[in-house]
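Residues: numbered from 1 along the sequence shown. This structure is a prediction, so every number in the text was calculated from the model and none was measured. Note: hydrogens, waters and symmetry copies are ignored here, and every other heavy atom, side chains too, is used.
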Amino acid sequence: MLVAIFRALRAIPFVAASIVFATGARAQAVEFKTITIKVGYGPGGGYDQTSRLIARHFGRFLPGNPDIVVQNVPGGGSLKLTKMVLRSEPADGSVIASVSEAMSYAPVLDPQNANFDPLALQWIGSLVNEPAYCLTAKSSGIDTMDKFLQSDFLIGATGKSSVTYIFAALVKNGLKAKFKVVTGFEGTADIELAMQRGEIAGMCGVSSYNTSENRDALNLIGTFGQGIVAGQEKFTARIDDPKVREAAALIETALQFHHPLVVPPGTPKETVETLRKGYMEMVRDKAFLADIGKLSEMTVNATSGEDISRLVSEQLKVDPDVFETARNLVK
């Protein structure tokens, strides 16, 4: 009996230490309660729709199975939200932002308005890696690239830091197109509505899934980015100047991580890693892929947060002359 009691007493420090260690481990573990995905565009557009779809599934892949809600914060092609993320949003994983991929080089192309470090953003992952398009309403009569470059009409865009503006400006300045770009729309849904009303003729910088619901009412004019699209000409193939082509290629790199999610600087490493891991598990999930298939013809081709950070870092290492040419391209 005494031997048994002695052994039990001798084991107490070990048990106590084990309890302290386990408690400490649990204290350090990441667990989420409620998450808000803030979208840098208005309701109804591509970023809004994909964010709401992600909100339905992402919690299943995060510790604590958190509820996820969506809030729209339109402004400047997601520049407003990006600045909020960098300056005032909580850095604890409770707020995730859906912003334009163009935020990765916004300070290079528009340093007066986008005075921040893109590497300060903590990139979680992105859904799409595919070419982008310029398109027009069939009612506009602008159905070929030659007409697109030579006709006088209006193109719709959100803010000057958005892909809808940047890629339209790339065509306008790089290929001396005659169209004018009108900004101020909250998102692609608003732009499409203006196209249907005949107020503008088209838009640029959009992915193929943006066209899936109204394909019969749209003309696909040409593409940007990697990959060959059957029957479509690349806009940059018509640029003769090698330096301008190099600047255009820099701008196109952002299409490798379309629809990215970010969290604020200062978010703990463990939280960022947990969000990244959950995101990459979600984009391979059958239920998620089936749900996104109901939304549109989007092909999920995800880029990890780590790879986005590497791509952004590579963007910022480009020769300053290329940056200057790129800035002139998107004025």
Min side-chain heavy-atom separation [X]-[Y] under 4.5 Å:
| X | Y | value |
| --- | --- | --- |
| Phe185 | Ile200 | yes |
| Phe32 | Thr274 | yes |
| Val244 | Thr325 | yes |
| Val69 | Ile37 | no |
| Gln122 | Val262 | no |
| Phe116 | Arg87 | no |
| Pro43 | Glu186 | yes |
| Val85 | Leu121 | yes |

Partner set under salt bridge (charged side-chain N to carboxylate O under 4.0 Å, His left out) for [X], not counting sequence neighbours:
| X | answer |
| --- | --- |
| Asp319 | none |
| Glu89 | Lys38 |
| Lys172 | none |

List the steps, then state whether side-chain hydrogen bond (donor to acceptor under 3.5 Å, both in side chains) holds for His258 with Ser126. CA-CA 6 Å; His258 195 41; Ser126 67; over 6 Å; no
What closest approach, in Å, do [X] and [Y] show between heavy atoms, and which atom pair accounts for it?
| X | Y | value |
| --- | --- | --- |
| Leu329 | Ala248 | CD1-N, 4.0 Å |
| Ser98 | Leu81 | O-CD2, 3.9 Å |
| Ala302 | Val283 | CB-CG2, 3.7 Å |
| Ser161 | Leu79 | OG-CD2, 3.7 Å |
| Ile191 | Gly202 | CG2-O, 4.3 Å |
| Gly187 | Tyr41 | CA-CD2, 4.2 Å |

[Y] reachable from [X] in the ILVMFWY side-chain graph, under 4.5 Å edges:
| X | Y | answer |
| --- | --- | --- |
| Val95 | Ile35 | no |
| Val39 | Leu193 | no |
| Leu316 | Ile166 | yes |
| Val128 | Met282 | yes |
| Leu86 | Met84 | yes |

Does a donor on one side chain and an acceptor on the other come within less than 3.5 Å for [X] and [Y]?
| X | Y | answer |
| --- | --- | --- |
| Asp48 | Asn72 | yes |
| His259 | Thr50 | yes |
| Asp92 | Ser94 | yes |
| Asp291 | His57 | yes |
| Thr158 | Thr164 | yes |

In Å, rounded to the nearest 0.5 Å, how long is the span from [atom1] of [X] to [atom2] of [Y]?
| X | Y | atom1 | atom2 | answer |
| --- | --- | --- | --- | --- |
| Thr303 | Leu255 | OG1 | CG | 11.0 Å |
| Ile96 | Ile68 | CD1 | CD1 | 6.0 Å |
| Met195 | Ser140 | CE | OG | 7.5 Å |
| Ile251 | Thr253 | CD1 | OG1 | 8.5 Å |
| Tyr47 | Arg52 | OH | CZ | 16.0 Å |
| Ile54 | Gln49 | CD1 | CD | 12.0 Å |

Got a sec: does the NZ of Lys138 have more than 12 other heavy atoms crowding it under 6.0 Å?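 Yes.
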Could you check Met203 against Thr188 for side chain to side chain contact (heavy atoms under 4.5 Å, CB included), going step by step and ending with a plain yes or no? CA-CA 8 Å; Met203 62 178 161; Thr188 54; 4.3 Å; yes
Listing request: all salt bridge (charged side-chain N to carboxylate O under 4.0 Å, His left out) pairs with a residue in residues 140-168, at least two apart in sequence or in separate chains. Asp143-Lys147, Asp146-Arg238, Asp152-Lys180
Pairs meeting criterion salt bridge (charged side-chain N to carboxylate O under 4.0 Å, His left out) with involvement of residues 102-126, two or more places apart: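 Non-adjacent pairs meeting salt bridge (charged side-chain N to carboxylate O under 4.0 Å, His left out): zero.
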Would you confirm whether [X], through its side chain, and [Y], through its main-chain N or O, come within 3.5 Å as a donor-acceptor pair?
| X | Y | result |
| --- | --- | --- |
| Lys234 | Gly225 | yes |
| Thr82 | Ser78 | yes |
| Ser104 | Glu101 | yes |
| Tyr165 | Gly156 | no |

Could you tell me whether [X] and [Y] have a side-chain N and a carboxylate O separated by less than 4.0 Å?
| X | Y | value |
| --- | --- | --- |
| Glu281 | Lys277 | yes |
| Arg60 | Asp285 | yes |
| Arg276 | Glu273 | no |
| Arg310 | Glu314 | yes |

Start with the C-alpha gap between Phe148 and Phe179, add the side-chain angles, then the distance that decides, and say whether ring-ring contact (aromatic ring centres under 6.0 Å, His included) holds. CA-CA 8 Å; Phe148 191 80; Phe179 61 74; 5.2 Å; yes
Assess whether side chain to side chain contact (heavy atoms under 4.5 Å, CB included) is satisfied between Trp123 and Asp307, documenting all intermediate values. CA-CA 9 Å; Trp123 303 84; Asp307 283 344; over 6 Å; no
Would Glu199 and Leu154 count as a side chain to side chain contact (heavy atoms under 4.5 Å, CB included) if you check the C-alpha gap in whole Å, the side-chain angles of each, and the deciding distance to 0.1 Å? CA-CA 8 Å; Glu199 297 166 355; Leu154 298 179; over 6 Å; no
Can you run down the side-chain hydrogen bond (donor to acceptor under 3.5 Å, both in side chains) pairs that involve residues 239-252, sequence neighbours left out, and say none if there aren't any?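 Found none.
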Are Phe224 and Tyr133 an aromatic pair by the rule of ring centers under 6.0 Å?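 Ring centres of Tyr133 and Phe224 not closer than 6.0 Å.
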With side chain to side chain contact (heavy atoms under 4.5 Å, CB included) as the criterion, how do Ile142 and Asn219 come out once you've worked through the C-alpha distance, each side chain's angles and the decisive distance to 0.1 Å? CA-CA 8 Å; Ile142 302 164; Asn219 300 309; 5.6 Å; no
